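Note sheet for the following structure.
Note that the numbering runs from 1 along the sequence shown for the chain. All values derive from a computational prediction rather than experimental measurement.
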Amino acid sequence: MFAWLKSFASPQELARAGVLGMNRRNFDVISKYNRRCLYPLVDDKVKTKELAGKIGISTPRLIGTIEYQFEAKNILDIISGQTEFVIKPAQGSGGKGVLVVRDYQERERVFITASGRRLTYNEVYQHISNILSGLYSLGGKYDTAVIEELVHFSDIFKDYSYQGVPDVRVIVYKGFPALAMTRLPTRASGGRANLHQGAIGVGLDIATGRALHGVCRDRPIAVQPDTGADLMKIEVPYWREHLLIGAQAYEMTGLGYLGADIVLDARRGPMMLELNARPGLAIQIANGIGLKHRLQEIDRTYPSGLSAEERVDFVLNRRAK
């Protein structure tokens, strides 16, 4: 258990603290506000990217897709002229199956990953084949390999992240940003921004984007173990723009409860990486705040009929008080 939860001795105390558990999340929130027919809009990264483009949400540029096994041999044609890119499953989750290529040496047909590992064409071909067979997909279904541009994350995170791309997760409820955290890759997580694999989660003040609390592998943490940087000095720039992407995702998908994963590119600013119809609950631990009470507050006191920009401004003004 996380240190914050250890201070509560019983389920009753957890409930009073507003900690939302998995069962209550599934029954009271997801089943109530997320129609299953809408899940494909966020479970398939290609569909999500297409929807985002239609309403002007910035996402990493799509280089190409591979849908069938016989097309896997076309990977060299698809990446022709590219030296860096990401190969990922369209319906993957938790960062599984994501291959980050930081340098493709075309003459030698060598792929150098974010960790410096050198892969051959055959190894990359096999990775794509595994994606297509559903090895990394939700429910093990046949999948599509997505090749997209590599994000160059902002220097603001350079001391807080090890090799991989850090992101910001915003929980959005009925179109209002409710909680947020940044997920920071570590050496232990293999450069992935995945808390279950050892990444750091830092809760962010929803009004300012400033650090609140840090956690890593069930323990509170204040210093990035690989760089020594003070995590409590994090303040995410372009904060309103981050929240606006999350708020716009509500209209884009029709999902009343979702997680928006956003990256801050050094050249293009905040970009939506993906959306999740079943976001995890570790964000409560990173914030030191029970999500249940925040959702109830939105139900009781937040206005309806606002635009995405108006909802973001409402949250910023309310939380700044």
inquiry  = In terms of relative ring orientation, are His127 and Tyr136 parallel, tilted or perpendicular, with 30° and 60° separating the classes?
reply    = tilted

task = Indicate whether the side chain of Arg187 and that of Tyr162 have a donor and an acceptor atom separated by less than 3.5 Å.
result = yes

query = Gln284 side chain to Leu20 main-chain N or O, any donor-acceptor pair under 3.5 Å?
reply = yes

request  = May I ask you to decide if Asp77's main-chain N or O and Ser80's side chain share a donor-acceptor pair within less than 3.5 Å?
outcome  = no

request  = For the pair Asn122 and Gln126, evaluate side-chain hydrogen bond (donor to acceptor under 3.5 Å, both in side chains) and give the outcome as yes or no after the intermediate values.
outcome  = CA-CA 6 Å; Asn122 287 337; Gln126 185 60 54; over 6 Å; no

task = Mark yes or no for whether Ser189, through its side chain, and Thr186, through its backbone, hold a donor-acceptor pair below 3.5 Å.
result = yes

query = With no hydrogens and no angle check, is any side-chain donor or acceptor of Arg25 less than 3.5 Å from a backbone partner on Pro279?
reply = yes

ask   = Are the charged groups of Arg268 and Glu149 less than 4.0 angstrom apart, N to O?
value = yes

Check: Glu67 main-chain N/O paired with Thr144 side-chain donor or acceptor under 3.5 Å = no

inquiry  = Do Val101 and Val86 make a side-chain contact, defined as non-hydrogen atoms from C-beta onward lying under 4.5 Å apart?
reply    = no

key: CZ (Arg240) with more than 12 external heavy atoms under 6.0 Å   = yes

ask   = Is the CZ atom of Phe27 crowded by more than 12 outside heavy atoms at less than 6.0 Å?
value = no

task = Please lay out, stage by stage, how Glu148 and Lys88 fare under the test salt bridge (charged side-chain N to carboxylate O under 4.0 Å, His left out).
result = CA-CA 8 Å; Glu148 65 182 23; Lys88 61 173 65 173; 2.9 Å; yes

query = Does any N or O in the side chain of Lys73 come within less than 3.5 Å of the main-chain N or O of Phe70, such that one atom is a donor and the other an acceptor?
reply = yes

request  = Mark yes or no for whether Gln105, through its side chain, and Glu108, through its backbone, hold a donor-acceptor pair below 3.5 Å.
outcome  = no

ask   = So do Ile30 and Tyr257 actually touch side chain to side chain, heavy atoms under 4.5 Å?
value = yes

ask   = Got a donor-acceptor contact below 3.5 angstrom from the Gln69 side chain to the Ser129 backbone?
value = yes

message = Any side-chain to backbone donor/acceptor pair from His242 onto Ile262? Under 3.5 Å, distance only.
response = no

Steps toward side-chain hydrogen bond (donor to acceptor under 3.5 Å, both in side chains) verdict (Glu235, Thr208) = CA-CA 8 Å; Glu235 181 174 357; Thr208 64; 5.8 Å; no

query = Under 4.0 Å between a Lys/Arg side-chain N and an Asp/Glu carboxylate O for Asp167 and Arg183?
reply = yes

Candidate list Lys292, Arg318, Lys174, test salt bridge (Lys or Arg N to Asp or Glu O under 4.0 Å), partner Glu297, passing option = Arg318

query = Hey, mind stepping through Trp239 and Asp205 against side-chain contact (heavy atoms from CB on, under 4.5 Å) and telling me if it holds?
reply = CA-CA 10 Å; Trp239 186 238; Asp205 187 324; over 6 Å; no

